[in-house]
A.B. asks: 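Can you read through this structure? Questions will come right after.
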Amino acid sequence: QLQLEESGGGSVQAGGSLKLTCHASITINSRYCMGWFRQASEKEREGVAAIDSGDFATYADFVKGRFTISKDIAKNTLSLQMNSLEPEDTAVYYCAAGPDFMCGLDLSEQARRFSTRGQGTQVTVSS
């Protein structure tokens, strides 16, 4: 059974960078769409980025040009490199996975429907 665990969150000043890593308990193969979503206090869940089995990535408009999603099959890891962080990026970030077809859905819909997710890691950006 697939299990996910995030690491790499923390506190940073605006303009800084963080890299989140998600370790999967089993091989990340062609079966999975994988992604990151976030949830800030008292706000709805937001899809951030996703990557499909062919390494095609999609991004929410609010992170385009700043965040990069990638995966390493050999290490069973999914990463999110976050640059030019803004206070509005403050949230708990979750790694998630679902059937590959989910990468064809809108990111917000993915965030609602991902069947497997990690415990989350806090990212705090101060101004």
Side-chain angles (χ1 to χ4, degrees):
Q1 183 176 356
L2 176 62
Q3 293 181 319
L4 303 170
E5 183 175 3
E6 306 93 341
S7 62
S11 297
V12 65
Q13 289 191 326
S17 298
L18 284 172
K19 184 176 182 178
L20 306 183
T21 301
C22 172
H23 181 76
S25 60
I26 62 176
T27 300
I28 305 171
N29 54 27
S30 61
R31 296 174 57 191
Y32 297 106
C33 169
M34 301 196 72
W36 295 90
F37 67 88
R38 68 188 189 186
Q39 189 159 19
S41 179
E42 300 182 357
K43 292 189 177 180
E44 292 189 357
R45 190 178 297 182
E46 296 182 305
V48 174
I51 187 166
D52 69 12
S53 59
D55 287 343
F56 181 79
T58 55
Y59 296 93
D61 286 344
F62 52 79
V63 302
K64 280 182 180 176
R66 301 189 297 126
F67 291 11
T68 302
I69 189 172
S70 62
K71 61 183 178 182
D72 187 328
I73 300 296
K75 296 181 179 179
N76 291 340
T77 57
L78 178 74
S79 298
L80 185 69
Q81 177 67 47
M82 306 186 294
N83 299 328
S84 301
L85 283 161
E86 304 167 351
E88 293 74 20
D89 295 317
T90 295
V92 178
Y93 284 71
Y94 297 88
C95 169
D100 197 47
F101 79 85
M102 288 189 59
C103 274
L105 304 176
D106 178 82
L107 283 170
S108 296
E109 185 68 13
Q110 291 178 25
R112 287 190 290 270
R113 295 180 59 179
F114 269 126
S115 55
T116 302
R117 70 175 195 183
Q119 295 297 309
T121 185
Q122 176 71 45
V123 171
T124 302
V125 185
S126 58
S127 58

A.B. asks: Please tell me whether F37 and L105 are part of a single hydrophobic cluster in this structure, the criterion being side-chain heavy atoms less than 4.5 Å apart.
C.D. replies: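 Yes, F37 connects to L105 through the hydrophobic network.
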A.B. asks: Heavy-atom distance under 4.5 Å between the side chains of T90 and Q122, does that happen here?
C.D. replies: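 In contact.
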A.B. asks: Using side-chain heavy atoms (C-beta onward) and a distance below 4.5 Å, is T116 in contact with Y32?
C.D. replies: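 T116 does not reach Y32 side chain to side chain.
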A.B. asks: Roughly how far, to the nearest 0.5 Å, is OG1 of T27 from CG of N76?
C.D. replies: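 Taking CG in N76 and OG1 in T27, the distance rounds to 5.0 Å.
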A.B. asks: For residues 52-90, pull every pair meeting ring pair (Phe, Tyr, Trp, His ring centres under 6.0 Å), keeping only residues two or more places apart or in separate chains.
C.D. replies: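 Applying ring pair (Phe, Tyr, Trp, His ring centres under 6.0 Å) to every pair that reaches into residues 52-90, excluding sequence neighbours, yields nothing.
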A.B. asks: Side chains of C22 and Y94: does their closest heavy-atom pair fall under 4.5 Å?
C.D. replies: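 Answer no - side chains too far apart.
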A.B. asks: Say you draw a straight line from OG of S127 to CD of E88; how long is it, rounded to the nearest 0.5 Å?
C.D. replies: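 If I round to the nearest 0.5 Å, the distance is 9.0 Å.
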A.B. asks: Looking only at heavy atoms, what is the nearest atom pair of C95 and L78, with distance?
C.D. replies: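 Heavy-atom minimum between the residues: SG-CD2, 3.9 Å.
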A.B. asks: Which distance, rounded to the nearest 0.5 Å, do you find between the NE2 of H23 and the NZ of K75?
C.D. replies: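 Atom-to-atom, H23:NE2 and K75:NZ are 11.5 Å apart.
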A.B. asks: Return yes when atom CD of E86 has more than 12 non-hydrogen atoms of other residues, nucleotides or ligands closer than 6.0 Å, and no otherwise.
C.D. replies: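 Yes.
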A.B. asks: Using atom types as modelled and distance alone, determine if a side-chain donor or acceptor of Q81 lies under 3.5 Å from a backbone N or O of T68.
C.D. replies: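 Not confirmed, Q81 side chain does not pair with T68 backbone.
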A.B. asks: How long is the span from the OG atom in S11 to the CG atom in L85, to the nearest 0.5 Å?
C.D. replies: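 Answer for the OG-CG pair, S11 versus L85, is 11.0 Å.
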A.B. asks: What I'd like to find out is whether the side chain of V123 reaches to under 4.5 Å of the side chain of L20, using heavy atoms alone.
C.D. replies: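 With C-beta onward as the side chain, the pair touches.
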A.B. asks: Give me the atom names and distance for the closest heavy-atom approach of I69 to A57.
C.D. replies: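 Residues I69 and A57, closest heavy atoms: CG2-CB, 3.6 Å.
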A.B. asks: Does a side-chain heavy-atom distance below 4.5 Å link F114 with M102?
C.D. replies: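 Yes, close enough: below the 4.5 Å cut-off.
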A.B. asks: Specify the closest pair of heavy atoms between L18 and G10, including all atoms of both residues, with the distance to one decimal.
C.D. replies: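 Shortest heavy-atom contact: CD1-O, 3.9 Å.
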A.B. asks: Let me confirm one number: the CE-OG1 distance from M34 to T77, rounded to the nearest 0.5 Å.
C.D. replies: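 Reported value, rounded in 0.5 Å steps: 9.0 Å.
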A.B. asks: Give me the atom names and distance for the closest heavy-atom approach of A60 to G47.
C.D. replies: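 The answer is CB-O, 3.4 Å.
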A.B. asks: Looking at every heavy atom in both L2 and A24, which two are closest together, and how far apart are they?
C.D. replies: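 Answer, listing the atom of L2 first, then A24: CD1-CB, 3.8 Å.
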A.B. asks: Give the minimum heavy-atom separation between C33 and P99, together with the two atoms involved.
C.D. replies: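 The answer is CB-O, 3.4 Å.
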A.B. asks: So do S79 and K19 actually touch side chain to side chain, heavy atoms under 4.5 Å?
C.D. replies: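 K19 reaches S79 side chain to side chain.
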A.B. asks: Tell me, which pairs form a salt bridge (charged side-chain N to carboxylate O under 4.0 Å, His left out) where one or both residues lie in residues 45-62, sequence neighbours left out?
C.D. replies: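 Applying salt bridge (charged side-chain N to carboxylate O under 4.0 Å, His left out) to every pair that reaches into residues 45-62, excluding sequence neighbours, yields R38-E46, D55-K71, D61-K64.
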A.B. asks: Find the distance between CZ (R31) and CD1 (I26) and round it off to the nearest 0.5 Å.
C.D. replies: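 Going from CZ on R31 over to CD1 on I26, the span is 6.0 Å.
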A.B. asks: Can you hop from V12 to V63 via hydrophobic side chains spaced under 4.5 Å?
C.D. replies: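 Yes, it is one cluster - the side chains of V12 and V63 are joined through contacts under 4.5 Å.
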A.B. asks: Under the rule for salt bridge (Lys or Arg N to Asp or Glu O under 4.0 Å), what residues qualify as partners of E109, not counting sequence neighbours?
C.D. replies: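 Per chain and number, E109 pairs via salt bridge (Lys or Arg N to Asp or Glu O under 4.0 Å) with R112, R113.
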A.B. asks: What residue among M82, E6, R117 forms side-chain contact (heavy atoms from CB on, under 4.5 Å) with W36?
C.D. replies: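 The residue from M82, E6, R117 that satisfies side-chain contact (heavy atoms from CB on, under 4.5 Å) with W36 turns out to be E6.
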